[in-house]
Protein chains: 2
Amino acid sequence: MRIGELSERTGVPRRLLRYYEEQGLVVPDRLPNGYRDYDERYVDRVAQIRGLLDAGLPTRIIKQILPCLDKPRVIHMSDVTPEMLATLERERDRMTERIDHLTRNRNAVCEYLAAVREESA
Amino acid sequence: MRIGELSERTGVPRRLLRYYEEQGLVVPDRLPNGYRDYDERYVDRVAQIRGLLDAGLPTRIIKQILPCLDKPRVIHMSDVTPEMLATLERERDRMTERIDHLTRNRNAVCEYLAAVREESA
DNA sequence: ATTGACCTTCACATCTATGTGAAGGTTCGA
DNA sequence: TCGAACCTTCACATAGATGTGAAGGTCAAT
């Protein structure tokens, strides 16, 4: 599919789909006329990228961990460098921290909302 | 305490402490000479702000929800506007989504790491 | 053949969180 | 009284994710 359809199906602006390509997150084929040609699986792929971006990961990191989240995973096992592993562990920890922060603060918000509702009841 | 001490104790650059003030997240007193004078509780406050920023919330939103996360909460109950409540609910949902994304992807990273370790065992 | 809806690249603009430095005031100890 | 180590404001710079528009190519339908 071309960029317009992918954009519509994912809700991600064309501009950003091109940006993600520039950042190496997606590598669509090209039609003879130069148009980008996206594989069906890019729908999920883009959603995942958005999820990771929304989760606060920069494209630089997403580019690194994205291949690892793919299946079949065994393919990528062989060429994993120690730096790569270190990056992954670091990011895993950062993600854990983020989850922690988010959870705590979201719960606080929930509590507050509950309290407000209680009061006006 | 002055800005230098708070900076050291929180690990947050002075520049950012001033920025947070500019954004209305903190409102330190001023000494007669114009120096910022931070209350002891700003240590926790700043840590919380950093947590929220790291969690992906913009200062604009943090400014709004910060007072709600404070205790005693009853104080703030009275002057809560419907827009405020809407914002809070929206942010709560966004946070929940983020937590979800983060959790899923972190688990994927964990699985990958486990698989790699398994293989090299 | 022209129009309209796609697509391309290029490039400049914006917003947020930051870095960095200039120019200058305050405080304190040697 | 001098210097070091603070502090102030102002202001310009950067980086990442995005908006936006120009200038132009492609293609299908009329």
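Order of the sequence lines fixes the chain letters, A, B, ..., with proteins taken first and strands second; residue numbering starts at 1 for each chain.
- In the hydrophobic clustering of ILVMFWY residues, with side-chain heavy atoms under 4.5 Å counting as a link, B:Tyr20 and B:Tyr35 come out apart.
- In this structure, B:Glu89 pairs ionically with A:Arg117, as a charged nitrogen and a carboxylate oxygen lie closer than 4.0 Å.
- Nucleotide D:dA17 holds its P atom 10 Å from the CD1 atom of A:Ile61, rounded to whole Å.
- Here CG of B:Leu53 is found 11.0 Å from CD of B:Gln48. Values are rounded to the nearest 0.5 Å.
- A heavy atom lying under 4.0 Å from DNA chain C marks the following residues of residues 53-60 of chain B, by number: B:Leu53, B:Pro58, B:Thr59.
- Under a hydrophobic-cluster definition in which Ile, Leu, Val, Met, Phe, Trp and Tyr are linked whenever side-chain heavy atoms come within less than 4.5 Å, directly or via other members, A:Leu52 and A:Leu16 are assigned to the same cluster.
- Atom pair A:Leu25:CG and D:dT18:P shows a separation of 11 Å (rounding to whole Å applied).
- Under the 4.0 Å criterion applied to side-chain N and carboxylate O atoms, B:Arg98 and A:Asp54 are assigned as salt-bridge partners.
- Side chains of B:Thr10 and B:Arg50: no donor on one and acceptor on the other come within 3.5 Å.
- Taking each heavy atom of B:Tyr38 and B:Ile3 in turn, the nearest pair found is CE1-CA, 3.7 Å.
- A donor-acceptor contact shorter than 3.5 Å is absent between the side chain of B:Asp100 and the backbone of B:Thr96.
- Within residues 2-23 of chain B, the residues having any heavy atom closer than 4.0 Å to DNA chain D are, in order of number, B:Arg2, B:Ile3, B:Gly4, B:Arg14, B:Arg15, B:Arg18.
- Using a 4.0 Å cutoff to heavy atoms of chain B, the contacted part of DNA chain C runs 5' to 3' from C:dT16 to C:dT27.
- Looking at B:Arg14 and B:Glu8, no side-chain N of the basic residue comes within less than 4.0 Å of a carboxylate O on the acidic one, giving no salt bridge.
- With salt bridges taken as basic N to acidic carboxylate O contacts below 4.0 Å, none links A:Lys63 and A:Glu22.
- Two residues, B:Tyr35 and A:Tyr35, neighbour DNA chain C, and the one matched to the more 5' nucleotide by heavy-atom proximity is A:Tyr35.
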